[in-house]
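Take a look at the structure set out below.
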Amino acid sequence: MSRYDPATLEPRWQQAWDEASLFRAERDETRPKYYVLEMFPYPSGRIHMGHVRNYTMGDVVARYKLARGFNVLHPMGWDAFGLPAENAAMERGGHPADWTYANIADMRAQMKPLGLSIDWSREFATCDPEYYALQQSLFLDFLDAGLVYRKPAVVNWDPVEMTVLANEQVIDGKGWRSGAPVERQERQQWAFRISDFAGELLDALEDMKDWPERVRLMQANWIGRSRGLEFGFETIGAPEGFGRLEVYSTRPDTLMGATFAAISPDHPLARALEGNPAIAAFCAEARRSGTSEEALEKADKTGIDTGIRVRHPLEPGRELPVWIANFILMDYGTGAIFGCPAHDQRDLDFSRKYGLEVIDCFVARKDGAPVENTAFVPPKSEPVLWLAGLGWPETATAEEAIAATIDRAEAEGWGRGVTRYRLRDWGISRQRYWGCPIPVIHCPTCGVVPEMKENLPVALPMDVTFDQPGNPLDRHPTWRNCTCPKCGGAALRETDTMDTFVDSSWYFARFTAPGAPTPTVAEDAEYWMNVDQYIGGIEHAILHLLYSRFFARAMHITGHLPEKSREPFAALFTQGMVTHEIYRTRDGRGRPVYHLPEEVETTEGGTRLRATGAPVEVIPSAKMSKSKKNVVDPVNIIERFGADTARWFVLSDSPPERDVEWTAAGAEAAFRHLGRVWMLCDRIAAMDHDAPGTGDDDLLRAMHRTIAEVTTHIDAFGFNAAIARLYAFTNVLARSEASQPVQRQAIMTLAQLMAPMTPHLSEDIWAHQGGEGLVAAAPWPVADPAMLETDTLVLPVQINGKRRGEIEVPRDLPSAEVEARALALDAVARHLEGRAPRKVIVVPGRIVNVVA
RNA sequence: GCCCAGGUGGCGGAAUUGGUAGACGCGCUGGCUUCAGGUGCCAGUGCCCUUACGGGCGUGGAGGUUCGAGUCCUCUCCUGGGCACCA
């Protein structure tokens with residue numbers, strides 16, 4: 001008897017699939033297509049268990065759909081632009097392109113042994129000049145269609161590195177590398193007009209039933225539609241040109257409680273006042289904090305009185321002070337608000353800090369007390385008792401009061417109702433080298449001029465260094481120099497590159513025609529689009545997916561995608577992370593020291609270091625991270641156990657949408673199980689073909705039930721539950737004494753049902769049992785409904801909702817008879833203690849409950 | 001701070017529309033095989049009381065709806081994720 005040896009078995013079958021071109025996707029209008037896509041990876045150089053899980057899930061879907069007769073498209077590529085390549089160049093020298101392509105080669109070599117059913121002929125990287133040239137042509141088409149413009153936007157500027165920093169690179173207001181205080185700076189930025197699509201992107205979510213509810217909710221909140229009042233305050237003492245101050249509020253019902261107005265430090269009025277050194281100093285300080293919403297919300301609320309005042313629109317005699325406040329965002333609304341401290345916690349904190357007045361507009365209907373240190377903010381649909389209403393009923397809800405205020409403002413002409421979105425336009429300019437150059441030219445005579453399509457790509461120069469601060473494109477001796485496409489005069493190239501989210505916003509469309517000279521090909525897009533199943537991490541729930549939805553619309557408007565592709569992802573699945581325990585000890589000074597899994601051992605006495613026997617603290621279920629040393633390298637796992645074990649384990653232990661904890665014991669158990677299945681196959685092959693067996697029918701019934709259950713679970717993405725059924729069936733088969741032909745049928749069906757998860761082992765079993773062709777190409781087994789029926793049922797019998805016994809009854813026994821048999825049970829008689837039951841509930845085919 | 005998700009045995013988790021809580025796996029315990037280098041097989045395993053029969057308690061906590069709640073409702077605690085230049 002030979003041993004289960006994945007190291008020899010797996011490469012053999014990968015070669016067989018290759019030779020059969022089994023996963024090569026060809027357009028074929030006579031067959032239904034199925035496009036399954038996993039979010040493509042960033043080429044960091046090493047695959048991790050998260051990749052294994054993500055791509056295994058996609059592979060299960062792809063292989064299953066292939067077996068169900070679909071023409072499957074399952075491609076792979078690389079999200080290859082981005083900061084890490086530049087950081088590597090800075091730290092180690094070399095060029096980002098070399099680093100990136102070497103990483104891609106390494107990662108591809110690590111992925112291939114997983115045996116994924118990928119059409120590798122369609123592979124590309126977003127940093128390929130062929131890809132970004134087409135992205136530049138899309139940009140020009142978008143520009144032409146009015147979907148792109150330039151606007152000033154606020155960025156994190158590191159004055160030492162002379163570069164713009166990502167939010168994650170700003171730590172406590174300082175640059176992560178330089179340690180220099182970061183400044184908020186306004187720069188001209190290219191932006192996509194995604195906010196023009198805000199309403200549409202929001203409304204369309206409604207129909208996207210095959211997206212997770214929470215992702216749709218997160219996107220809806222992100223887009224953030226609100227209805228409010230916009231109006232202008234008349235100002236007193238403001239500089240020339242600032243006669244009115246436009247404000248926006250979603251709570252105009254609290255206007256009578258307004259006690260101050262506040263503007264963003266980036267508001268034009270604030271800038272106009274910077275002649276005052278105190279104001280200039282305040283604004284400079286405010287701009288020093290990060291630009292993220294989180295940083296603004298968490299920062300202490302501070303402000304400065306400008307000395308300017310505004311007139312209350314309904315009580316012209318009342319004047320409100322105008323403050324500059326650090327928590328007002330220039331990007332939202334008009335960058336100016338009126339503050340009503342009684343009904344907004346931030347405004348209240350601010351008012352208490354600076355001694356501003358607090359006026360209650362309404363109080364709770366029961367025990368309504370004036371506001372002290374907690375703002376009164378009940379749900380808008382709740383009736384409240386109005387102290388400062390504007391003619392609406394004394395117990396109106398905020399919703400009613402808001403509508404009434406807007407109506408009145410419009411009737412009296414001092415304000416208007418406005419629907420606004422929280423969603424801002426998508427700023428795509430990055431002052432970085434390793435990205436897709438924005439194909440425009442700055443001409444001293446013609447201004448901003450698009451590059452001509454025949455000159456694309458605007459290619460990144462290779463002769464650059466990263467040893468000085470700033471963007472290498474800015475300081476390149478010749479790259480910027482060009483001629484203006486309009487007037488032919490000397491001009492300069494744009495040195496900003498595009499946000500890498502642009503690269504990933506259309507790669508799924510490019511996969512439908514990866515070699516074409518145009519971004520897409522109509523026939524291919526028409527046939528392959530949309531992505532039937534998209535799979536990726538929840539961390540992309542908002543940005544990547546929202547940008548892609550916008551991009552698909554923009555590509556439709558510019559003629560690159562069909563109408564149906566406005567929503568490019570028919571179904572979305574968000575998978576959880578792979579986690580692992582962290583092993584921690586403390587050094588002499590109490591600082592944490594982390595240990596690799598192989599450095600520790602767990603016995604009855606607890607977990608200890610192998611080397612010293614020192615006790616180790618175990619922290620469960622932590623995201624794998626190099627600094628915590630709790631990473632498991634898939635390459636090592638595949639070497640030791642084979643790809644099928646890795647695939648089986650990452651699917652088996654947790655529901656796909658949740659995190660899975662990698663454990664060495666679990667991986668070993670998976671390996672042992674696959675070995676058992678393999679030996680089972682061997683045993684069945686060696687059986688006497690003609691010897692009589694017992695229990696043929698039982699085994700066949702179990703087999704058909706397993707087919708039905710596994711199929712249902714795979715359809716519902718319940719891979720862990722499918723695997724549980726496969727375990728159970730394997731146990732049944734292992735104990736079966738059925739005849740050889742029936743056992744052979746059972747093991748071959750088992751191989752088929754396991755094939756999406758463990759494709760190599762399944763091929764081997766299939767071949768061993770004399771199956772025809774490749775199991776990967778065999779049609780999916782179908783359960784015989786007649787074999788799923790049973791003649792009798794076991795019904796639990798409850799007394800007052802507690803299970804006390806069970807009865808076995810014929811399937812179609814009438815309820816009255818079921819009731820009689822249940823009452824005849826000893827346990828029922830004992831609990832009734834001679835009394836008649838008050839009620840008996842019989843749920844046919846389910847349960848009997850006796851109410852005593 | 002705001003938004004979202006999740007809490008079920010020692011562990012990962014299972015459980016059509018509200019209908020036998022703990023499937024399946026890990027771990028652990030006992031036994032068999034004698035395999036000496038990660039073996040196989042059998043049995044048991046939520047907690048507590050009980051020799052047994054049987055009983056009580058159990059899905060983060062508190063209340064509620066129901067013949068019946070892991071599932072529905074209200075409040076609450078804890079953990080994880082996202083927050084626009086990380087990809």
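Note that the structure is a prediction, hence the values are computed from the model and not measured.
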**Fill in**
residues 842-852 of chain A vs salt bridge (charged side-chain N to carboxylate O under 4.0 Å, His left out), sequence neighbours excluded, gives none
Heavy atoms under 4.0 Å, any strand shown: does [X] hit a base, just sugar-phosphate, or nothing?
X      : answer
A:Q189 : base
A:Q431 : base
A:V851 : sugar-phosphate
A:W222 : base
A:S429 : base
A:P655 : sugar-phosphate
A:G666 : nothing
A:R640 : base
A:S654 : sugar-phosphate
A:R187 : nothing

Test side-chain contact (heavy atoms from CB on, under 4.5 Å) applied to [X] - qualifying residues, sequence neighbours left out:
X      : result
A:T500 : A:F81, A:D503
A:T730 : A:H673, A:V677, A:L680, A:L750
A:L543 : A:W222, A:F501, A:Y547
A:T712 : none

Using atom [atom1] of each nucleotide, how far apart are [N] and [M] to the nearest Å?
N     : M     : atom1 : answer
B:C86 : B:G64 : P     : 50 Å
B:C49 : B:A43 : P     : 28 Å
B:G13 : B:G82 : C1'   : 26 Å

**Prompt:** Hey, would you say the A:Y534 and A:F508 ring centroids sit under 6.0 Å apart?
**Reply:** no
**Message:** Quick check on the 6.0 Å ring-centre criterion: do A:F717 and A:F719 meet it?
**Reply:** yes
**Asked** Going by number, which of residues 726-733 of chain A have a non-hydrogen atom under 4.0 Å from RNA chain B?
**Response** A:Y727, A:N731
**Item:** RNA chain B-proximal residues of residues 711-725 of chain A, any heavy atom under 4.0 Å
**Value:** A:N720, A:A724, A:R725
**Item:** Syn or anti for B:G54 (syn when the glycosidic angle lies within 90° of 0)
**Value:** anti
Using the test salt bridge (Lys or Arg N to Asp or Glu O under 4.0 Å), find all partners of [X] that sit at least two apart in sequence or belong to another chain.
X      : value
A:E808 : none
A:R193 : none
A:R187 : none

**Base of B:C67 paired with side chain of A:N849 (donor-acceptor, under 3.5 Å)** = yes
**Asked** Is the closest side-chain donor-acceptor distance between A:W506 and A:Y131 under 3.5 Å?
**Response** yes
Find the partner of [N]: check Watson-Crick (N1-N3 plus N6-O4 or O6-N4) and G-U wobble (N1-O2, O6-N3) distances, both under 3.5 Å, and reply none if neither fits.
N     : result
B:G6  : B:C78
B:A36 : none
B:U29 : B:A43

**Item:** Residue A:R735, side-chain heavy atoms: nucleotide from B:U20, B:C57, B:A43 that is nearest
**Value:** B:A43
Which protein N or O atoms sit under 3.5 Å from an N or O of nucleotides 5-10 of chain B?
none

**Request:** For A:F192, enumerate each residue passing the ring pair (Phe, Tyr, Trp, His ring centres under 6.0 Å) test, keeping only those at least two apart in sequence or located in another chain.
**Result:** A:F142, A:W426, A:F550, A:F551
